[in-house]
Amino acid sequence: MNQTEAQKIIKDTEYLNNRILSFDNPKATAGGRQYCRVIDKKYLFSSTDEKNKQGAVKIRFKDVMTGQEFMEQLTAVARQFTKKVVEETDDVKTNLLAVLADETEPVKSVEWVMSEFKVKAPKVFAQNKDKVENYLMELWLESKITRSTFKSKNLTVFALKK
């Protein structure tokens, strides 16, 4: 891969800049998910791309739970997190924020959020019901909501950040 191709790939993936992305990772500290913030994207001539050609575009992440940084192939990440996937994720998060804006319920547990989300956005809920907790975690890491855990009651409560 040459530098011109790399610049095009970097420009085409601007939608990933400064985002938190979550991956399945059985070794992760957060219940099998790894939450990473995109730090940087760059062309490295010294690396090889997926086709074993000289020069690769890498994306640098920081694991927000452990603080460790690592690099991945940008093309592989872009295939997993397409612009459509990112837009759908943003749509789910917007719906979750609307649910959390409800002022009638003081204790917004995961179960309550799920039931309200199912009522207010049934189609979006049906497509994402297994990922709701992951999206809530991402919103918390993005500092858009608060999250409190009460170990004595085995309860996690969410609220909009004021």
Side-chain angles (χ1 to χ4, degrees), residues 1-101 110 113-114 117-118 120-147 156 158-162:
M1 174 182 299
N2 63 37
Q3 198 161 5
T4 305
E5 293 171 0
Q7 291 301 329
K8 183 179 180 338
I9 292 169
I10 290 170
K11 183 163 177 45
D12 290 347
T13 58
E14 283 181 352
Y15 63 91
L16 293 174
N17 293 354
N18 298 317
R19 292 196 70 88
I20 290 180
L21 302 176
S22 63
F23 303 90
D24 285 326
N25 183 351
K27 297 177 186 173
T29 57
R33 303 276 310 163
Q34 186 173 23
Y35 296 92
C36 302
R37 182 173 297 281
V38 174
I39 298 174
D40 191 22
K41 297 180 286 189
K42 62 176 99 182
Y43 173 71
L44 298 172
F45 182 74
S46 59
S47 294
T48 56
D49 66 9
E50 294 173 315
K51 298 174 185 170
N52 261 351
K53 291 185 178 177
Q54 194 69 33
V57 182
K58 297 282 191 164
I59 186 167
R60 191 165 56 119
F61 289 108
K62 182 175 188 173
D63 185 322
V64 294
M65 300 302 222
T66 64
Q68 294 179 323
E69 292 187 14
F70 62 97
M71 293 181 100
E72 295 288 334
Q73 293 276 356
L74 177 58
T75 50
V77 173
R79 273 195 303 276
Q80 183 178 358
F81 294 99
T82 63
K83 195 169 195 168
K84 182 181 178 189
V85 168
V86 169
E87 287 171 353
E88 289 171 356
T89 299
D90 288 345
D91 186 42
V92 173
K93 288 179 183 179
T94 301
N95 281 297
L96 285 170
L97 288 171
V99 166
L100 290 169
V110 174
V113 171
M114 299 267 288
F117 188 34
K118 186 177 183 178
K120 292 185 178 180
K123 185 178 178 184
V124 178
F125 175 79
Q127 295 170 342
N128 297 285
K129 62 183 170 191
D130 298 334
K131 301 176 190 168
V132 170
E133 287 187 66
N134 296 334
Y135 292 133
L136 287 169
M137 185 73 147
E138 286 180 33
L139 286 167
W140 175 64
L141 292 168
E142 292 168 359
S143 296
K144 294 183 179 174
I145 64 173
T146 61
R147 177 177 175 255
T156 302
F158 298 93
L160 283 179
K161 202 151 200 182
K162 300 210 183 219

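Counting from 1, the numbers follow the sequence of the chain as shown.
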Show, in sequence, the C-alpha distance, side-chain angles and deciding distance for Leu44 and Met71, and conclude whether the side chain to side chain contact (heavy atoms under 4.5 Å, CB included) test is met.
CA-CA 11 Å; Leu44 298 172; Met71 293 181 100; 3.9 Å; yes
Checking Ser47 against Lys58: is there a side-chain donor and acceptor pair closer than 3.5 Å?
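No, Ser47 and Lys58 have no side-chain donor paired with an acceptor closer than 3.5 Å.
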Taking all atoms of both residues into account, what is the closest heavy-atom pair of [X] and [Y], and its distance?
X: Leu141; Y: Arg37; answer: O-NH2, 4.0 Å
X: Lys120; Y: Ala98; answer: NZ-O, 4.4 Å
X: Phe45; Y: Gln54; answer: O-NE2, 2.6 Å
X: Arg33; Y: Ser22; answer: NH2-OG, 2.7 Å
X: Phe81; Y: Tyr15; answer: O-OH, 2.9 Å
X: Leu160; Y: Ala101; answer: CD1-CA, 3.5 Å

Straight-line distance of [X] [atom1] to [Y] [atom2], nearest 0.5 Å:
X: Thr13; Y: Arg19; atom1: OG1; atom2: CZ; value: 12.5 Å
X: Ile145; Y: Phe158; atom1: CD1; atom2: CZ; value: 5.5 Å
X: Asn134; Y: Asp24; atom1: CG; atom2: CG; value: 8.0 Å
X: Phe23; Y: Phe61; atom1: CZ; atom2: CZ; value: 3.5 Å
X: Thr4; Y: Ile9; atom1: OG1; atom2: CD1; value: 11.0 Å
X: Asp90; Y: Leu97; atom1: CG; atom2: CG; value: 10.5 Å

In sequence, state the C-alpha distance, the side-chain angles, and the governing distance for Asn17 and Lys41, and then conclude on side chain to side chain contact (heavy atoms under 4.5 Å, CB included).
CA-CA 8 Å; Asn17 293 354; Lys41 297 180 286 189; 2.8 Å; yes
According to the salt bridge (charged side-chain N to carboxylate O under 4.0 Å, His left out) rule, which pairs have a member within residues 130-139, sequence neighbours left out?
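Salt bridge (charged side-chain N to carboxylate O under 4.0 Å, His left out) check on residues 130-139 returns Lys93-Glu138.
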Filter on salt bridge (charged side-chain N to carboxylate O under 4.0 Å, His left out), then keep only pairs touching residues 64-83, sequence neighbours left out; what's left?
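Only Glu50-Arg79, Arg60-Glu69 qualify under salt bridge (charged side-chain N to carboxylate O under 4.0 Å, His left out).
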Step-by-step side chain to side chain contact (heavy atoms under 4.5 Å, CB included) determination, Leu100 to Leu136:
CA-CA 10 Å; Leu100 290 169; Leu136 287 169; 4.1 Å; yes
List the steps, then state whether side chain to side chain contact (heavy atoms under 4.5 Å, CB included) holds for Val110 with Val132.
CA-CA 9 Å; Val110 174; Val132 170; 5.6 Å; no
Partners of Val124 by side-chain contact (heavy atoms from CB on, under 4.5 Å), sequence neighbours excluded?
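Only Asp91, Val92, Asn95, Phe117, Ala121, Asn128 meet the side-chain contact (heavy atoms from CB on, under 4.5 Å) criterion with Val124.
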For Gln3, all residues meeting side-chain contact (heavy atoms from CB on, under 4.5 Å), sequence neighbours excluded:
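Listed in chain order: Gln7, Tyr43.
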Go through the structure and list residues passing salt bridge (charged side-chain N to carboxylate O under 4.0 Å, His left out) with Asp40, not counting sequence neighbours.
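Asp40 satisfies salt bridge (charged side-chain N to carboxylate O under 4.0 Å, His left out) with Lys42 once adjacent residues are dropped.
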How would you list, by chain and number, every residue that makes a salt bridge (charged side-chain N to carboxylate O under 4.0 Å, His left out) with Lys118, sequence neighbours excluded?
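With sequence neighbours excluded, Lys118 shows a salt bridge (charged side-chain N to carboxylate O under 4.0 Å, His left out) to no residue whatsoever.
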Gln68, CD atom: more than 12 neighbouring heavy atoms under 6.0 Å
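It does not: Gln68 CD has 12 such atoms or fewer within range.
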